[in-house]
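What follows is one structure encoded as structure tokens, with my remarks underneath.
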Amino acid sequence: MKDGDCLFCKIIAEEIPADVIFDRGGVIAFRDVNPQAPLHALVVPKDHVRDAAAVDASHGSLLVELIGAANEIAEADGVDASGYRLVLNVGADAGQTVFHLHLHVIGGRPMAWPPG
Ligand code: AMP
């Protein structure tokens with residue numbers, strides 16, 4: 001199901017261009033337009049899901065697909081050995097700006113913890 005006002009739904013529908021690096025099954029991934037590290041990709045479900053707070057038991061296989069895609073992207077970009085971060089921002093305090101579930105895959109440099 002698509003949300004006509006959703007930016008990522010428009011990318012999935014190829015109405016807005018993106019640097020797509022993964023497209024299989026129920027998920028697609030593209031490079032973040034404002035990368036925070038040498039690798040910064042977003043893995044998103046093709047069906048519109050608002051965010052991680054909207055995930056329920058019916059999304060179990062989707063979550064496996066999302067994380068599996070993220071792991072493959074990290075390997076393809078050569079950061080699987082050095083390490084990478086997978087992030088789901090939920091809501092205002094986390095800085096969520098796009099309300100279509102997306103898993104950030106960030107790597108290629110050392111990262112601090114906790115995040116600012
Ligand atoms: P979040 O803050 O978790 O909602 O992350 C949204 C991410 O989407 C940000 O890192 C943005 O840089 C990224 N973004 C926004 N518009 C685009 C776009 N057209 N193509 C790729 N990434 C985008």
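Whatever order the structure lists them in is the order used to number ligands and atoms, beginning at 1.
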Subject >> Any Phe22 side-chain heavy atom under 4.5 Å of Val43 side chain >> reply: no
Original post:
With distance as the sole test, does His59 use its side chain to make a donor-acceptor pair with the main-chain N or O of Val55 at under 3.5 Å?
Top reply: no
**OP:** Would you sort out whether Leu101 and Phe8 count as a side-chain contact (heavy atoms from CB on, under 4.5 Å), showing the intermediate values?
**Re:** CA-CA 9 Å; Leu101 179 65; Phe8 288 176; over 6 Å; no
**OP:** Would you please write out the protein residues whose heavy atoms approach any atom of ligand 1 to under 4.0 angstrom, listed by chain and number?
**Re:** Leu7, Phe8, Ile11, Phe30, Arg31, Asp32, Val33, Asn34, Leu42, Asn89, Gly95, Gln96, Thr97, Val98, His102, His104
Original post:
Are any side-chain N or O atoms of Asp51 and backbone N or O atoms of Ala53, one a donor and one an acceptor, separated by less than 3.5 Å?
Top reply: yes
Original post:
Within the distance-only criterion (no hydrogens, no angle test), does the side chain of His102 pair as donor or acceptor with the backbone N or O of Ala41 below 3.5 angstrom?
Top reply: no
**OP:** Can you sort out the partners of Arg109 under salt bridge (Lys or Arg N to Asp or Glu O under 4.0 Å), two or more places apart, ordered by chain and number?
**Re:** none
